[in-house]
**Student:** 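Have a look at this one.
Whatever order the structure lists them in is the order used to number ligands and atoms, beginning at 1.
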Amino acid sequence: MCGIVGYLGTKEAFPILIKGLHRLEYRGYDSAGVALVDKNGNLNVYKTKGKVANLEDYCRDKDISGTVGIAHTRWATHGEPSDKNAHPHFSQSKHIALIHNGIIENYLTIKSFLIEKGYKFQSETDTEVLVQLIEYVMQEHKLPLYEAVYQALTQVIGAYAIGVIEKDNPNILVTARTASPLIVGIGDGEFFLGSDASPIVEYTKNVIYPEDRQVIKIERGKEIEIRSLDKEELIKPEIKQIQLSLDDIEKGGFPHFMLKEIFEQPKSLSLCMNGRLQREQKEIILSGVRENIDKFAKAKRILITACGTSWHAGLIGKYLFETLCRIPVEVEVASEFRYRNPVVFKEDVLIAISQSGETADTLAAMELAKKQGAFIYGICNVVGSSVARLTDSGTYTHAGPEIGVASTKAFTTQVCVLAMTALAVAKELHTIKEEDYKRIVTELCNIEEKISTILKKTKEIEDISKIFTYARNFLYLGRGFNYPVAMEGALKLKEISYIHAEGYPAAEMKHGPIALIDEEMPIVVVAPHYDMYNKILSNVQEVKARKGRIIAIVTEGDVDIKKQADYTIEIPQTEECLSPLLTVIPLQLLSYYVAIAKGRNVDQPRNLAKSVTVE
Ligand code: M6R
């Protein structure tokens, strides 16, 4: 879960690499480094603990010349964040430098072997064994760099996207991937590497998405060479176009990506529904559902698996599928599912949800269910990601790049895809009345506008947020479709403000959490006006009786909860099954402004990274 960048071409590599690292910093930001072969044939490695800005400072008085280089921003797995554990790593002779995103699972075995051969290690990382192994193979078998990387990788078990350069040949950059993301950009006489397209898009739209177990030689003035670790013959590169613009990856005048992405939600939902929601006919056409309706028809149940925010979207998916399709649904965090020896039937449909499409636990859960014969349906944002490749079918969310570590537009587009999928399945299976279907679809057509209405209340929400920065704990309550929204609101708050928060089904509060309530305790109640309104009103009264401070999310025109709550934020009326798309917006803004008032770095909260590509 790190970011890698590489460049080989005619320009100075350093500025391109640093800009690329800034764009990938969402992937990890505990240390960063760069390696360049300078004009005198020296292989210089500069690396330091901290963010990419620290690396830039550190390099100010260094020789940063060179037209070939690699760079890395790290999220620590093996070895604490430190200068020595930062990438790039040198080989023993300092002739080779390597960057790596992933985990070398058999690194201890390789390390013992190399220690016996006299190799000394400078870091605690798994990565360093790979660069040492490459050097060992190179020296032992008198191989050029590309061949040595290829041979070394045949001995490696694990996940990797790597970039390798050498002192003696500034014309070569070698890269490879297995189970970690990698894109190779092809410009005019220049080549780029990136963990995603963001470091590349400014220079070229032509890219290759290497497959698992492919090793690639990039050589100045030559065509790139691709081989698979499974077959030695050359593979013809398939050049594709990046569907990304620079605007997508810049803040566009907002102080943070998170705020930009909150405000983008009307647009991202519109893109998500584009071509699927037929606004005039009030129809939903999802090819993934149409082509596989037999799978949904024979499914005795649907399994949904995901992590974090995507799991919360999955919990809403359960309410959607059970309500609209009458198919039982089980939702499970992927890290539990994968190790639980779960019962999976061949008739099961497993829906995997992931923004990044690279979450290791979600991928492992999918593989497990696939092996047991389930039909795998993916809901994913990143086109061409590992999740997208592992599915039998699915639907992209088309939210556009989400760079803030805290998921916002990813969540609403996932819920939107789940709603569209459940509606499409229900229609095909005749589990929904035509008038109900049309009414909900009509509401979906209005949802972007309703979100825009809520976004106009930003100042009001900011003012409320400032009152609660004193709090050390928050409780979030919701019922039905909005119980997962309460959990999502709590997650947003804790991950960016570091205030402890719990999301609870409102009625469950009296079985424990009610003991926490006193006059200090803020309780956020998600209470739009539906059938359970009176029940949640009782829950609000229970809180009030214990002097808790209530912030309630209510439907426009609400009377009763307003009388009880200290603060209310109104949202427009919509269909209950779509209400999470609205109720979550004030919670995102609330957490953002609490975190800002506390001076937190909302785009890069401590200890976190955007995609969790390790267990
Ligand atoms: O990329 P994924 O959707 O698979 O990521 C899963 C979680 O790591 C992610 O949703 C995380 O919980 C959020 N970024 C939190 O806001």
Side-chain angles (χ1 to χ4, degrees), residues 1 3 25-29 75 179-181 195-196 256-259 261-262 265 268 304-317 331-338 350-367 378-391 394-415 417-418 476 484-485 487-498 501 503 584 587-592 595 600-615:
M1 141 139 62
E25 211 169 8
Y26 72 90
R27 300 180 63 86
Y29 34 82
W75 185 84
S180 290
S195 294
D196 68 25
H256 296 96
F257 281 109
M258 182 180 175
L259 193 62
E261 288 156 7
I262 292 173
Q265 288 174 107
S268 57
I304 299 182
T305 193
C307 302
T309 289
S310 300
W311 173 63
H312 295 154
L315 291 170
I316 296 168
V331 191
E332 199 159 354
V333 282
S335 54
E336 285 301 312
F337 182 80
R338 65 180 289 193
L350 177 121
I351 301 181
I353 309 173
S354 174
Q355 186 285 130
S356 61
E358 303 296 343
T359 301
D361 287 322
T362 306
L363 285 165
M366 290 167 77
E367 268 158 16
I379 296 178
C380 163
N381 190 31
V382 178
V383 175
S385 59
S386 304
V387 163
R389 288 189 260 200
L390 204 61
T391 53
T395 305
Y396 282 118
T397 52
H398 292 317
E402 190 181 68
I403 295 168
V405 166
S407 278
T408 51
K409 64 177 182 170
F411 176 77
T412 42
T413 51
Q414 287 166 348
V415 173
V417 166
L418 285 161
Y476 284 69
V485 173
M487 294 172 81
E488 174 59 8
L491 175 63
K492 286 291 86 83
L493 186 78
K494 65 187 140 194
E495 69 181 325
I496 59 171
S497 69
Y498 319 146
V584 77
L587 304 192
Q588 294 169 345
L589 286 165
L590 189 77
S591 62
Y592 174 80
R600 308 296 192 217
N601 182 345
V602 294
D603 279 341
Q604 294 173 350
R606 70 183 178 206
N607 305 336
L608 284 169
K610 184 69 183 160
S611 35
V612 186
T613 55
V614 294
E615 285 194 49

**Student:** If we ignore hydrogens and angles and just use 3.5 Å, is the side chain of E402 paired with the main-chain N or O of E261 as donor and acceptor?
**Tutor:**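 Pair absent, no side-chain N/O of E402 close to backbone of E261.
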**Student:** Which protein heavy atom lies closest to atom 8 (O) of ligand 1, and at what distance to 0.1 Å?
**Tutor:**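 Heavy-atom neighbour on the protein nearest atom 8 (O) of ligand 1: V612 CG2, 4.0 Å.
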**Student:** Would the distance check show the side chain of D603 and the main-chain N or O of M258 forming a donor-acceptor pair, the cut-off being under 3.5 Å?
**Tutor:**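 Yes; at least one donor-acceptor contact below 3.5 Å.
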**Student:** For atom 4 (O) of ligand 1, what's the nearest protein heavy-atom neighbour? Residue, atom name and distance, please.
**Tutor:**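 So the nearest neighbour among protein heavy atoms is T359 OG1, 2.4 Å.
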**Student:** What protein heavy atom sits nearest atom 1 (O) of ligand 1, and how far off is it?
**Tutor:** S356 OG, 2.6 Å
**Student:** Please report the interatomic distance CG(D361) to CH2(W311), rounded to the nearest 0.5 Å.
**Tutor:**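 Taking CG in D361 and CH2 in W311, the distance rounds to 13.5 Å.
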**Student:** Quick one: nearest non-hydrogen protein atom to atom 16 (O) of ligand 1, plus distance?
**Tutor:**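 Scanning the protein heavy atoms, the shortest distance from atom 16 (O) of ligand 1 goes to E495 OE2, 2.5 Å.
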**Student:** List the steps and the verdict of side chain to side chain donor-acceptor pair (under 3.5 Å) for E358 and S386.
**Tutor:** CA-CA 6 Å; E358 303 296 343; S386 304; 2.7 Å; yes
**Student:** Say whether, by atom type as modelled, one donor and one acceptor occur between the side chain of N381 and the main chain of G400 under 3.5 angstrom.
**Tutor:**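 A pair under 3.5 Å: yes.
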**Student:** My understanding is that we take every heavy atom of each candidate and find the minimum distance to atom 14 (N) of ligand 1. Doing that for V405, T408, T309, which one comes out nearest?
**Tutor:**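 Selected option, by shortest heavy-atom distance: V405.
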**Student:** Quickly, which of Q355, Q414, K492 forms a side-chain hydrogen bond (donor to acceptor under 3.5 Å, both in side chains) with T309? Name it, please.
**Tutor:**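 Exactly one pass, corresponding to K492.
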**Student:** Any idea which protein heavy atom is nearest atom 7 (C) of ligand 1, and the distance to it?
**Tutor:**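 Checking every protein heavy atom, the shortest distance to atom 7 (C) of ligand 1 gives C307 O, 3.6 Å.
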**Student:** Could you tell me whether a side-chain N or O of Y498 sits under 3.5 Å from a main-chain N or O of A595, the two making a donor and an acceptor?
**Tutor:**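 Between the backbone of A595 and the side chain of Y498 there is no qualifying donor-acceptor contact (under 3.5 Å).
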**Student:** Polar-atom distance check: Q355 versus ligand 1, any N or O pair below 3.5 Å?
**Tutor:** yes
**Student:** Quick check on contacts: which atoms of ligand 1 are under 4.0 angstrom from a heavy atom of A406?
**Tutor:** 16 (O)
**Student:** Is there a heavy atom of K492 sitting under 4.0 angstrom from any atom of ligand 1?
**Tutor:**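 The answer is yes: ligand 1 sits under 4.0 Å from a heavy atom of K492.
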